> 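Before I ask anything, here is the structure I am working with.
Keep in mind that what you see is a predicted model, and the values were worked out from it rather than measured. Whatever order the structure lists ligands and atoms in, that order sets their numbers, starting from 1.
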Amino acid sequence: MSKISKIPHRLYLTEDQMPKQWYNLRADMKDMHDPLINPATMQPVKVEDLYPIFCEKLAQQELDAKTQYIDIPEEVLEMYKIYRPSPLIRAYNLEKALQTPAKIYYKFEGNNTSGSHKLNSAIAQAYYAKEQGLEGLTTETGAGQWGTALSEACAYFGISLTVYMVKVSVEQKPYRKAIMETFGSTVIASPSNTTNVGRAILKDDPSSGGSLGCAISEAIEKATTTPNHRYVLGSVLNQVVLHQSIIGLETKIAMDILGEYPDIVIGCAGGGSNLAGLIAPYMQDKLTGKANPRIIAVEPASCPTLTRGKYAYDFCDVGRITPMAKMYTLGSDFKPSPNHAGGLRYHGMSPILSKLYHDGFMEAVSVEQTKVFEAATLFAKVETILPAPESAHAIRAAIDEALKCKESGEVKTIVFGLTGTGYFDMSAYTSYIEGTMTDYVPTDEDLQRSFSTLPKVPEVL
Ligand SMILES: *Cc1c(COP(=O)(O)O)cnc(C)c1O
C-alpha cells in the first residue's frame, strides 16, 4: 500500500533519517564464507597478520563476522552529510520510454566529485588512519574513481596520500590525475622506479603500460616500507562491504517511507562492494526468512567472474602478496581484452557475495558491452544523468527485467544501483556512438589458461 498517492521523482531523506550505523551482513549468515589464508603459513589470517598492511580498526572490521551493527563515527557522519543522504529516484521517464508496467527505482551515488559510491568507504578508511595517528596512506587506482574518492577523503582529514595509477590510465585520463593532485595527492604512474616490484617490471619491459595488479603490489610495498604508512583498498574486502551498507540502509528507509518493497534488486559487480552494500538489508530479509526478493549481480561478458569463474582460493592481486580469499575468480592472471571499455574488470569477487551466490541467495547475469552502452545512452536521454559504464550494466539488467514485465503484464518493483557518472569515460561513449565498439567474450580455453594459475591450497585447514 502506497502511503502517498503520487510517488515523487526524487526522495531525499533528511539528515535525521540517515542511518547512524553500518550493517554487517556476515552477522546474519548462517554459513560463513571461508577464512582469508596467509600465504606464508597457509593458515587462516589472524588480525595481527593484517596490522602491518591495514589500519588496526579496519583489520578488526575485516575479520569481525559477529557484530551486527557498527556505529559510524561522528566525524565520518559529518563528511557523509556533505553529499548524503543520496537520492532514491523513480525512473518515471525510463518506464514511459519502455512502456513497461514495472516500477523502476534507482539509488544514485554519483553526487560527489569522485563521481561514484567509492567515497563511502574512502571516508571511513581515511578517518581510521587519522584516528590511529598515521601520516600517510598508499593505494592504487585503475580508472581513477577510487583514487579520486580517497584523495577527497585524505584532504578532508589531513593525511598524505600516494596513488599508484596504472600508466595507460594516466595517459588516457590525464584529468583524473589532475583532480587527485588538486586534492593534494601524489600520483605516480605504475610501473614506477619508486619500488622494487616496479623496477623489476620496468627492467623486463621498459615500455610496460602497467596493470591494476602491478599498481597494487607497488602501493603495498610502499606502505609497508614507509614508517607510519598503511595501504587501503576500495573494493572486494569485507570492511569495504560494511561501509557500503549505507547505500542499502538508506534505500530501505526511503522505500519503507514510500510503502514499497522491491521484487528485484539489481547491481553491477566489479569487486562487489556497491552491490553488497545496496542489497545488504534485503539480503538480511532473505537470510532471516522475512522476505524473498530476487537479487541480481550484473557483470561484463568479457570478465565473467560469477557466471563463468571458479569458486576457489586465489590471490587478490597479480603480485600474489595479499592474503588468499575463497571467492569466485577467473584467476589473478586474467586480463579482459583491451577492447573492453566498460569497467568492472577485476578477476575476483567479494568473498561474502561469492558465498551468498554459491549458496543460491542471488543470481548473476553477464552482458556484452554494446548492449550496456545502448542502455546507457537511452538512460542518459530520458533520465538526464550520464551513467558510468559500470553503472550501465545494472541499467541494462533493469531494462531487461522491465521489458519482461511489459510482455507478461506484471507490475514488479525494481530497484537498481546507479553507482556513478561517466564524464571520464567519453572515449568509450565515442567508440559506441561511432560504431567501433566491439564485444569480446573469452573462450573456455582462455579461462582454462588463467584457472591453471590458481594457487594450490590444502583442502582441510
Ligand atoms: C568502482 C566502481 C564500480 C565497481 O566496484 P564494486 O566494488 O563492484 O562496486 C561500479 N561503479 C562505479 C561507478 C565504480 O567507480
> Looking only at the aromatic ring of each residue, does the gap between the centers of F157 and Y128 stay below 6.0 angstrom?
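For Y128 and F157, the ring centres are not under 6.0 Å apart.
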> Using the side chain to side chain donor-acceptor pair (under 3.5 Å) rule, pick out the option among K310, H358, K355 that qualifies with Y328.
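Only match with Y328 under side chain to side chain donor-acceptor pair (under 3.5 Å): H358.
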> Which residue pairs pass the ring pair (Phe, Tyr, Trp, His ring centres under 6.0 Å) test when at least one of the two sits in residues 232-251, sequence neighbours left out?
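Applying ring pair (Phe, Tyr, Trp, His ring centres under 6.0 Å) to every pair that reaches into residues 232-251, excluding sequence neighbours, yields W22-H243.
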> Charged N to carboxylate O under 4.0 angstrom, E15 versus R84?
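No salt bridge links E15 with R84.
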> Between ligand 1 and the protein, tabulate every N or O atom pair separated by less than 3.5 Å, reporting distance only.
from, atom 1, to, atom 2, distance (Å)
ligand 1, 7 (O), S235, OG, 2.5
ligand 1, 7 (O), S273, N, 3.0
ligand 1, 7 (O), S273, OG, 2.7
ligand 1, 8 (O), G270, N, 2.7
ligand 1, 8 (O), G271, N, 3.0
ligand 1, 8 (O), G272, N, 2.8
ligand 1, 9 (O), H117, NE2, 3.1
ligand 1, 9 (O), S273, OG, 3.3
ligand 1, 9 (O), N274, N, 2.8
ligand 1, 9 (O), N274, ND2, 2.7
ligand 1, 11 (N), T419, OG1, 2.7
ligand 1, 15 (O), K118, NZ, 2.5
ligand 1, 15 (O), Q145, NE2, 3.3

> Any side-chain donor paired with an acceptor under 3.5 Å for D71 and Q21?
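Distance-only check passes for D71 and Q21.
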> For residues T370 and D439, is any side-chain donor paired with an opposing acceptor at under 3.5 Å?
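The answer is yes; a qualifying pair exists.
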